[in-house]
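I have placed the structure first, in the form of structure tokens, so that the comments after it can refer back to it.
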2 protein chains.
Amino acid sequence: MAQTTSTRREALRQTLLDIAEARIAHNGLAALRARDLAQEAGCSVGAIYNVYDDLNGLVMAVNGRTFQALGQAVGNSIKDDDGHSPTDTLIRMSHAYLGFAAENTNLWRALFDLEMSADSDVPDWYMEALNQLFAYIAAPLVQIFPDLDKTDLDLMTRALFSSVHGIVTLGLEKRISGVPLPQIERMIALVLSSLSGK
Amino acid sequence: MAQTTSTRREALRQTLLDIAEARIAHNGLAALRARDLAQEAGCSVGAIYNVYDDLNGLVMAVNGRTFQALGQAVGNSIKDDDGHSPTDTLIRMSHAYLGFAAENTNLWRALFDLEMSADSDVPDWYMEALNQLFAYIAAPLVQIFPDLDKTDLDLMTRALFSSVHGIVTLGLEKRISGVPLPQIERMIALVLSSLSGK
DNA sequence: GCCTCATATTGAACGGTGTTCAATATTGCA
DNA sequence: TGCAATATTGAACACCGTTCAATATGAGGC
């Protein structure tokens, strides 16, 4: 049997990815344990380090999946968006972002909670996924602010993403400003509506 | 000497508070170690647990100081603000918030990074400090949106705080959307200016 | 001042974590 | 089939926050 060993490696990679994703989704990133993973995967603890650099690497792989799903959720929300105002488009995307974060809170949190040791440790796909989100936002923005130059448009794009991200983050965090989901939706709508003059 | 023992306890509380604050400010919350604290304070590791419930309790005490300083920084920024538009007031407060976060990044991060195990673990002063910040925001907001009812005003207040918080958070985080400080200031100004119709 | 006992302080030990690497088992090939 | 090369293992390591039996110190009555 050719490739047996590398095939098994790849299978273990997938298995660990699935298990880690399920465990993070269910119990949160902080509850992820190497020994638990090994037991559920039916392998030794050392085996994890054969197929991933460390637990961070495994979590990064989970984040890759999560980011892709997040991008799809946002992208789907503006399929066939003809006939809607750019402000409406922004609101619908933001609500999709909120919906994804609310339904996958632990996985979504892991996207931002994972510590990246150095600057260059941020993988390419991470920045690309982020830039795709930015691109979604920039499109309706040029319609709302046609006279903004490229620099300011980029700043405004990042500012709006950060704003919505902040509202979602603190809104889902009970201790800070926890409110029911419909109220968070309204907060987003209030801020984004005021962009185009009320 | 009367009170010797309880006086010494209080002195140790203060000493540990100062040391913990300095260490968090310098190396970040994640680098705080019980054994390091004990060594620098010249006490045993167990002594920490005589005057604080656990390390979380100590960090909460540090956060109390930080929150107070943050409140002062924001409050000072709108001293004698007569003659300025409400939008300008919002911008100045937000820039003060950004300035504090930029100059005390690690301490400011600890305010939000510390895990609170249960819901009721959030101390009163934490919510009060937060409500004070909200009050600062609400005042200029009623001028900008006089016809907003109390519920929407409250939502708008929290939404704006969260927005600025999001811009500052991601702006200071290199991997996500790290940009120079003046650009973060501009992002805040762009979003807040658009509130009152460009 | 001194003895006594209640109280405060200590730091080695405990249970837990992520990670490693010498020892073992397995594979793929002549 | 035999054997070198490789893959896998899990006990051991370093380090963490936290505890608690043992020790040292305190304060009050004589």
Side-chain angles (χ1 to χ4, degrees), chain A residues 1-17 19-24 26-63 106 110 113-118 121, chain B residues 1-17 19-24 26-63 106 110 113-118 121:
Chain A
M1 335 171 185
Q3 299 276 74
T4 287
T5 177
S6 77
T7 295
R8 196 178 31 212
R9 265 177 69 99
E10 197 51 42
L12 181 60
R13 263 187 88 87
Q14 273 297 321
T15 302
L16 286 172
L17 191 56
I19 296 175
E21 183 181 53
R23 293 189 89 95
I24 293 175
H26 199 254
N27 302 318
L29 177 62
L32 196 70
R33 302 278 108 99
R35 285 164 181 80
D36 295 346
L37 281 169
Q39 181 166 3
E40 187 169 343
C43 70
S44 67
V45 283
I48 299 172
Y49 296 86
N50 289 336
V51 292
Y52 290 102
D53 285 352
D54 48 25
L55 283 197
N56 256 17
L58 172 54
V59 175
M60 278 304 295
V62 173
N63 282 352
N106 283 331
D113 283 358
L114 183 58
E115 296 263 341
M116 316 253 187
S117 46
D121 285 2
Chain B
M1 328 173 188
Q3 299 277 71
T4 288
T5 177
S6 76
T7 294
R8 195 177 33 215
R9 265 177 69 98
E10 197 51 41
L12 182 59
R13 263 187 88 86
Q14 273 298 321
T15 302
L16 286 173
L17 191 56
I19 295 174
E21 184 181 54
R23 292 190 90 93
I24 293 175
H26 199 255
N27 302 318
L29 177 61
L32 196 69
R33 292 302 87 112
R35 286 165 179 80
D36 295 346
L37 281 169
Q39 181 166 4
E40 187 169 343
C43 69
S44 67
V45 282
I48 299 172
Y49 296 86
N50 290 334
V51 293
Y52 289 102
D53 284 354
D54 49 25
L55 282 198
N56 256 17
L58 173 54
V59 176
M60 279 303 294
V62 173
N63 282 351
N106 283 331
D113 284 357
L114 182 58
E115 295 263 340
M116 318 251 187
S117 46
D121 284 3

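All chains are named by letter (A, B, ...) in the order of the sequence lines, taking the proteins before the strands, and each is independently numbered beginning at 1.
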Applying side chain to side chain contact (heavy atoms under 4.5 Å, CB included), name anything that partners [X], two or more places apart in sequence or on another chain.
| X | value |
| --- | --- |
| Q39(A) | none |
| E10(A) | R13(A) |
| T15(B) | I19(B), A41(B) |

Rounded to the nearest Å, what distance is computed from the [atom1] atom of residue [X] to the [atom2] atom of nucleotide [N]?
| X | N | atom1 | atom2 | answer |
| --- | --- | --- | --- | --- |
| I48(B) | dT18(D) | CD1 | P | 9 Å |
| R23(A) | dG18(C) | CZ | P | 11 Å |
| E10(B) | dT9(C) | CD | P | 12 Å |
| L16(B) | dT9(C) | CG | P | 12 Å |
| N27(A) | dT17(C) | CG | C1' | 17 Å |
| N56(A) | dG18(C) | CG | P | 11 Å |
| R9(B) | dT25(D) | CZ | P | 18 Å |
| L29(B) | dG17(D) | CG | C1' | 14 Å |

Exercise for the section: Have a look at D54(B) and say if it touches a base, only the backbone sugar-phosphate, or nothing, with a 4.0 Å heavy-atom cut-off. Expected result: sugar-phosphate
Exercise for the section: Tell me what L32(A) touches on the nucleic acid: a base, only sugar-phosphate, or nothing, going by heavy atoms under 4.0 Å. Expected result: sugar-phosphate
Exercise for the section: Between G42(B) and N50(A), name the one whose nearest nucleotide on DNA chain C is closer to the 5' end. Expected result: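 Between the two, 5'-proximity favours G42(B).
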Practice task
Using a cut-off of strictly less than 4.0 Å, decide whether R8(B) has a side-chain nitrogen or oxygen near OP1 or OP2 of dT25(D).
Solution key: no
Would you mind writing out the side-chain donor-acceptor pairs for residues 30-38 of chain A within the sub-3.5 Å range, not counting sequence neighbours?
from	atom 1	to	atom 2	distance (Å)
R33(A)	NH2	A30(A)	O	2.4

Handout entry: Polar side-chain atom of N56(B) near backbone of L114(B) as donor-acceptor pair, under 3.5 Å
Key = no
Problem - Contacts of E40(B) that satisfy salt bridge (charged side-chain N to carboxylate O under 4.0 Å, His left out) - sequence neighbours left out - result: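 Scan of E40(B) (salt bridge (charged side-chain N to carboxylate O under 4.0 Å, His left out), adjacent residues dropped) gives R23(B).
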Handout entry: Matching residue for I48(B) among L16(B), D53(B), L12(B) - test: side chain to side chain contact (heavy atoms under 4.5 Å, CB included)
Key = L16(B)
Nucleotides 10-15 of chain D: which of its N/O atoms have a protein N/O under 3.5 Å away?
none

Completion exercise
Taking dT18(D), dA7(D), dG18(C) as options, the one with an atom nearest any side-chain atom of L55(B) is dT18(D)
